[in-house]
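Since the model is a prediction, treat every value here as computed from it, not as a measurement. Values below: every heavy atom of this structure, side chains too, minus hydrogens, waters and symmetry copies.
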2 protein chains.
Amino acid sequence: MAVTPKPPGRFHHGDLRRALLDALAEALREDPPEALSLRDLARRAGVAHSAAAPHFGDKRGLLTAFATEGYQRLATAQRAAMAAAARDPAAQLAASGQGYLGFARENPGHFRLMMRADLVDGTNPALCAAQAAAWQPLAEAIAAGTPHLDAAERHARMVLAWSGVHGFAALAAEQAGPVLAGEAGLEAAEAALVEGLVGACLRP
Amino acid sequence: MAVTPKPPGRFHHGDLRRALLDALAEALREDPPEALSLRDLARRAGVAHSAAAPHFGDKRGLLTAFATEGYQRLATAQRAAMAAAARDPAAQLAASGQGYLGFARENPGHFRLMMRADLVDGTNPALCAAQAAAWQPLAEAIAAGTPHLDAAERHARMVLAWSGVHGFAALAAEQAGPVLAGEAGLEAAEAALVEGLVGACLRP
DNA sequence: GCCGCGAACTGACCATTGTCAAGTTCCGGC
DNA sequence: GCCGGAACTTGACAATGGTCAGTTCGCGGC
């Protein structure tokens, strides 16, 4: 994840695309997504500010590519949590939620960027595919736990699960962390939330 | 809500504070929150580009004041929905959620602005007070429906309700409206979500 | 080996933005 | 009446993202 600056003297960078994405990751660990500046990222990569255009088109293109990687990591986080959990539907669904919340908690900048319709091009095909893939683990866990329900009702359960997890993550990342935490701490609140959601989603 | 431009010839506007807030509301109906420009708002109010400073300090100050009004309207929307609903706890809690979702659906720009930690000063006392007041109706509805629970468990239910409603509103406003809606439409999805949340929050 | 073609990259230019400093106009209290 | 201070204007500044004509380079064809 370390930014590889352009070798001095060289004209071509070699892998500027990767370097800019790494610079973005680095900058995002220091500042919130809205403070990102194309010029600063180019500086970090040791390159002129207009060098990103051939690779990403414009700033939005770069951020969109980064957000796409974020959705892939979000899916990975869920799958990893599910693999480590017991195989029964309730545990799997809980693990999926914990994976989602864990990613958001550990990568607040990345998560916030992904949810910003102004910074990211929501119509980008690669992004949409990654989004859909990130929604998959949750859908599978719900489907496995509710074999008796029809499609519409199952969709409603998915919306419930996704809204609950996403709302908590968004509130925690954006503003209201302390209020959510109560006196028991953020992770305890997370656990209670997941428990409540699993119960609501898998009820007969 | 119409912007009152400065009377031509006059030096003082009279109520520039109000005029700027109205201009902000107007601009927010045309463009997303991130496209707001202080200079454009001043133009709408018929005033120089730096005239906002004496009233609001800087751009954040103006947006924070507007967000504060948003939280007041959010609380009002919930109270209105609750007043129109049946008096039993489940109906009251559902009404609170519907009020929250209705406000977000009808004022997407305002809602998105309120949730943006970069545009709004989250430490502003007036804003914090309005936020707390907006969280009140939900808290009361939960408390009325769960008299048998202790404080910690009740807090967990509140977090569940708030996260669920907020997550849906945020996803719908920011990006994923169509996915949430399914084939039944957004309002149907809203209704199903609220029903699920009420059940989960008021379970014994 | 060399040559040319196209991609990668540079540097300058532009419009726009938020903030600041200094000046002007006006209201209200004395 | 006048005078202090608040409201407002004007002009300047630094920073940003986008564009565009050029320069430099890697690489495949000869």
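With rounding to whole Å, D118(A) atom CG is found 16 Å from dT17(C) atom P. One can place CG of L36(B) at 17 Å from P of dT16(C), the figure rounded to the nearest angstrom. Following rounding to the nearest Å, R43(B) (CZ) and dT9(D) (P) show an atom-to-atom distance of 13 Å. Per the geometry, NZ belonging to K59(A) stands 17 Å off C1' belonging to dT19(D), to the nearest Å. Taking atom CZ of residue F56(B) and atom P of nucleotide dC20(C), one finds them 17 Å apart after rounding to whole Å. As rounded to whole Å, 12 Å separates atom P of dG17(D) from atom CG of L24(A). Rounded to a whole Å, the CG atom of L38(A) is 14 Å from the P atom of dC9(C). A straight line from CG of L41(A) to C1' of dG17(D) spans 12 Å, rounded to a whole angstrom.
Residue S50(A) places no side-chain atom within donor-acceptor reach of the base of dG18(D), judged by atom type and a 3.5 Å distance cut-off alone. The base of dG17(D) has none of its N or O atoms less than 3.5 Å from a complementary donor or acceptor on the side chain of H49(A).
Checking the phosphate oxygens (OP1, OP2) of dA14(D), no side-chain nitrogen or oxygen of R39(A) falls inside 4.0 Å.
The side chain of H55(B) lies closest to dC8(D), out of dC8(D), dA8(C), dT16(D). Among the nucleotides dC9(C), dC8(D), dT19(C), the one closest to the side chain of A51(A) is dC9(C).
To the nearest 0.5 Å, atoms CG (D15(B)) and NE2 (H55(B)) are separated by 8.0 Å. To the nearest 0.5 Å, the span separating CG on L171(A) from NE2 on H166(A) amounts to 9.0 Å. Annotation: the span from E187(A) atom CD to Q98(A) atom CD amounts to 8.5 Å, rounded to 0.5 Å.
Using the six-membered ring where Trp is involved, W162(B) and W135(B) have ring planes that are perpendicular, over 60° apart on the 30 and 60° scheme.
Between R73(A) and E69(A) there is no salt bridge, since none of the side-chain N atoms of the basic residue sits less than 4.0 Å from a carboxylate O of the acidic one.
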Secondary structure of DNA chain C per the Watson-Crick/G-U criterion (both distances under 3.5 Å; [ ] crossing, | other strand, . unpaired) is ||||||||||||||||||||||||||||||

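If you check every strand for non-hydrogen atoms under 4.0 Å, L62(A) touches nothing.
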For E26(B) and R43(B), run salt bridge (charged side-chain N to carboxylate O under 4.0 Å, His left out): C-alpha distance rounded to whole Å, both residues' side-chain angles, the deciding distance at 0.1 Å, then the answer. CA-CA 12 Å; E26(B) 185 181 282; R43(B) 237 168 283 152; over 6 Å; no

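For Q72(A), the CD atom counts as densely surrounded, since its 6.0 Å shell holds more than 12 non-hydrogen atoms of other residues, nucleotides or ligands.
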